[in-house]
Amino acid sequence: MHIIETGNVAAALGVKLAGVQVVAAYPITPQTPLTEKLSELIEAGEMDARYVPVESEHSALAVCIGASSAGARSFTATSANGLLYMHEQVHWAAGARLPIVMCVANRAVGAPWNIWNDHQDSISQRDTGWIQIYSCDHQQIIDDTLKAFRLAETTSIPVMVCYDGYLLSHTYMPFEVPEQEKVEQFLPPFHPSYALDPSSPANLNTVTLPEIRTDVHGEMAHGYMEIRYLLQEDLRKAVQVVEEIDAAFQEIFGRGGAPLVEPYRCDDAEYVVVGMGSLTYQLWDVIETLRTEGHKIGVLGVRLYRPFPDAAVAAALRGARGVFVMEKALSYGYEGALCSDLKSALYDHIPDKSRAPFVKGLVAGIGGREIRTADLTDTLRSGLVGSIPEPGWIGIQL
Amino acid sequence: MTTRTTILSLPKEEYVHPGNRACTGCSLGIAYRIGLKALGPDTILIVPPSCLTVLQGLFPVASTKLPSLNVTFASTAAAATGVLEALKAQGREHTKVVAWAGDGGTADIGIQSLSGAAERGDDFLFMCYDNEGYMNTGVQRSGTTPQGAITANTPFKGKMQQRKDVAAIMTAHGIDYVATASASYPLDLYDKIKKAITLKGVKYIHIHTPCPPGWGFDTRYAVKVGELAVETGYLDLYEVEKGEFRLTGASAKTLEKGTRKPVREYLQTQSRFRIMSPEQAADAQARVDATWSTYSSGEG
């Protein structure tokens, strides 16, 4: 069924279809309509789940951690400072290997207060051990939410589905709502390898020593370092799992095919612009204009940010003379995190440095600053024929 | 209480292994052992960082025979809600959910999530064992450290402020059951847990657990120190069931017989009070007297 709704509603319908059992949330703009929709579906009896209206985001994720540890499919959503307030729990959920799914309606972080869109909130969670997916439109939001549960439960790693606040969360677009029957075919019920159970007691997340240690039966058990290594190894393997799940989704629903990166007119491109989220599709228009002017330029949307699909990124950029990375977040004191990650991937995958493209980092849309398509076009045009005026923050007026 | 438990009627089943990592003479060991007997086998525990985390053992060894979920410091009550909601979603409501936190994890960093859960009426038991400071990290002051006590971060002057009354805070939430207890009176504790688990919503039990290294007394005196706290009225054993307050056990007996001892007999057992000023000691006594005058007049 095709409907016209907001990105937040798309996410909520994905959560409903996924058969989530426990939802915990604390209100924050622009996430609120998503959780309002869920409480509406649950109170109306259209969704069989427990809704916990917690007193903070820290507790929202705590409820999900408790519920997931006890074997329930769990979901929360937040934005901006709410996500930052959760940060300790974000780490904890990954370390505890809990398949929680969280939607992040991306918003700028304070100070100063700002409720509009950029990516600083979720990019600041980059190193927590979560899988991060960036949706570019409403169809991807609902599809990614469904895929996220299967991905999380396959890998025992939590998944963050990130989409632009307001630009996607509050705008109306047509999208297809998958049929429940097909969703059940795609996403089997959650059966964790262990759930808290008095008939099979275990002490979870116990203090774990630096060195390996024997258990009461004399078997050697992991130390903290081994446990953390396994998280890293499984995250690296998750790149392939993302592709497999996308293929399974495509087989049932007929959509997908580019779960790691989404190239647009990159095949013959001498220059590539890289972005994440809704900006990616805005760049398609920019590229069309520049193509009519004779510039061989394409767009590469990064859909999976963690684990970083380094091989796919490098492969898509192989042969390009120049790369522009356009970001809505920064690793303050250096450059955009995606820009650094991308350079690192090129360094690893293009051994002959004389064949590596130049990489130019650009910043756009911080704190919801309007990203005008004309400004993007002008900036890239100057990047192609000469150089981009410093500091490379599009639209800044100092 | 209708039926009084005796030491002979306690369940024989043990849920805490001997030889765990608690300090010598730790009274939490008593409260935890008896508490788990009262809870029984169909129980899931939620534990934040605290002395109990250490008592429970280091991976891959565990000293508790019940499933236990270790959670972040501030999130105990919220994580308990999560476990509870999962059990409801799975039709496993028969399993009891019990949070077991220290005073820091309850009165200080944990109070927000505890207050939230109490307001929502989530159906679990929250146990606070109060050793009156951050003992696991080396004896720093907490919200429940009493005035005059020397701690690692009140090293010379002692704590200047009064202790926080968490049981009163929880009573103000209007929940069905709030009780205080002491590791020195395990049967009173046992009966309170037994009653609490029959009631709905968040139930709160605050247990006084004397700490030999943190309070400065010999390891053999934990029970004695706890008894003196009750005998002097420094700690009162009571329960508030659906708004009805009543003293229990030794505190009820003290009131009945009028045998309350001077607070100084309790204070002088512990080296943490060694620099307490006469004014502070007099104030501690005056506060106890004021509370007890409400008991005598029946206003409690």
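In the text below, chain A, chain B and the rest are named by the order of the sequence lines, each starting its count at 1. What's counted below: heavy atoms across the whole structure, side chains too, no hydrogens, waters or symmetry copies.
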Ranked by heavy-atom pairs below 4.5 Å to chain A, first place among B/Asp42, B/Val97, B/Leu69 goes to B/Leu69
Given A/Gln21, A/Arg73, A/Glu88, the one with more heavy-atom pairs under 4.5 angstrom with chain B than any other is A/Glu88
Closest non-hydrogen atoms of A/Ala25 and A/Thr35, given as atom of the first, atom of the second and distance, are CB-CG2, 3.3 Å
Given A/Asp197, A/Val216, A/Leu209, the one with more heavy-atom pairs under 4.5 angstrom with chain B than any other is A/Asp197
In short, B/Phe73 meets B/Gly104 closest at the heavy-atom pair CE2-C, 4.3 Å
Most heavy-atom pairs under 4.5 Å with chain A, out of B/Thr43, B/Leu58, B/Val54, belong to B/Leu58
Whatever's closer than 4.5 Å to a heavy atom in chain A on B/Gln90 counts as side chain
Turns out that what part of A/Ala24 lies under 4.5 Å from chain B's heavy atoms comes down to neither
The interface call for A/Tyr51 against chain B, heavy-atom contacts under 4.5 Å, is neither
Looking only at B/Val71, B/Thr53, B/Thr64, most heavy-atom pairs under 4.5 Å shared with chain A are made by B/Val71
- Take A/Arg107 and A/Asp121, measure what salt bridge (charged side-chain N to carboxylate O under 4.0 Å, His left out) needs, and give me the verdict at the end. CA-CA 6 Å; A/Arg107 163 183 154 179; A/Asp121 50 1; over 6 Å; no
Of the listed B/Ala74, B/Gly116, B/Ala79, the one with the largest count of heavy-atom pairs under 4.5 Å with chain A is B/Ala79
* **Between A/His87 and A/Trp130, ring centroids under 6.0 Å** => no
If one checks every heavy atom of A/Asp48 against chain B at 4.5 Å, the contacting part turns out to be neither
When the 4.5 angstrom heavy-atom criterion is applied to A/Val22 and chain B, the contacting part is side chain
Applying a strict 4.5 Å limit to non-hydrogen atoms, the region of A/Ser74 in contact with chain B is neither
Q.
Please check this pair: side chain of A/Arg213 against backbone of A/His222, looking for a donor-acceptor N/O pair closer than 3.5 Å.
A. no
- request: For the residue pair A/Pro210 and A/Tyr224, establish whether any side-chain heavy-atom pair is separated by less than 4.5 Å.
  value: no
Heaviest contributor of heavy-atom pairs below 4.5 Å to chain B, chosen from A/Ala72, A/Ala67, A/Ser199, is A/Ala67
Here the salt bridge (charged side-chain N to carboxylate O under 4.0 Å, His left out) pairs for residues 69-88 of chain B, sequence neighbours left out, are A/Arg50-B/Glu85
- Query: Between A/His58 and A/Tyr85, how do the two ring planes meet: parallel, tilted or perpendicular, split at 30° and 60°?
  - Reply: tilted
Does the cation-pi check pass for B/Arg141 over B/Tyr134, that is, NZ or CZ under 6.0 Å from the six-membered ring centre and within 45° of its axis? no
When the 4.5 angstrom heavy-atom criterion is applied to A/Ser69 and chain B, the contacting part is side chain
Closest heavy-atom pair, A/Pro27 versus A/Thr32, reported as atoms and distance to 0.1 Å, is CB-CG2, 3.3 Å
Looking only at B/Ser113, B/Ala77, B/Ala62, the option with the highest number of non-hydrogen pairs under 4.5 Å against chain A is B/Ser113
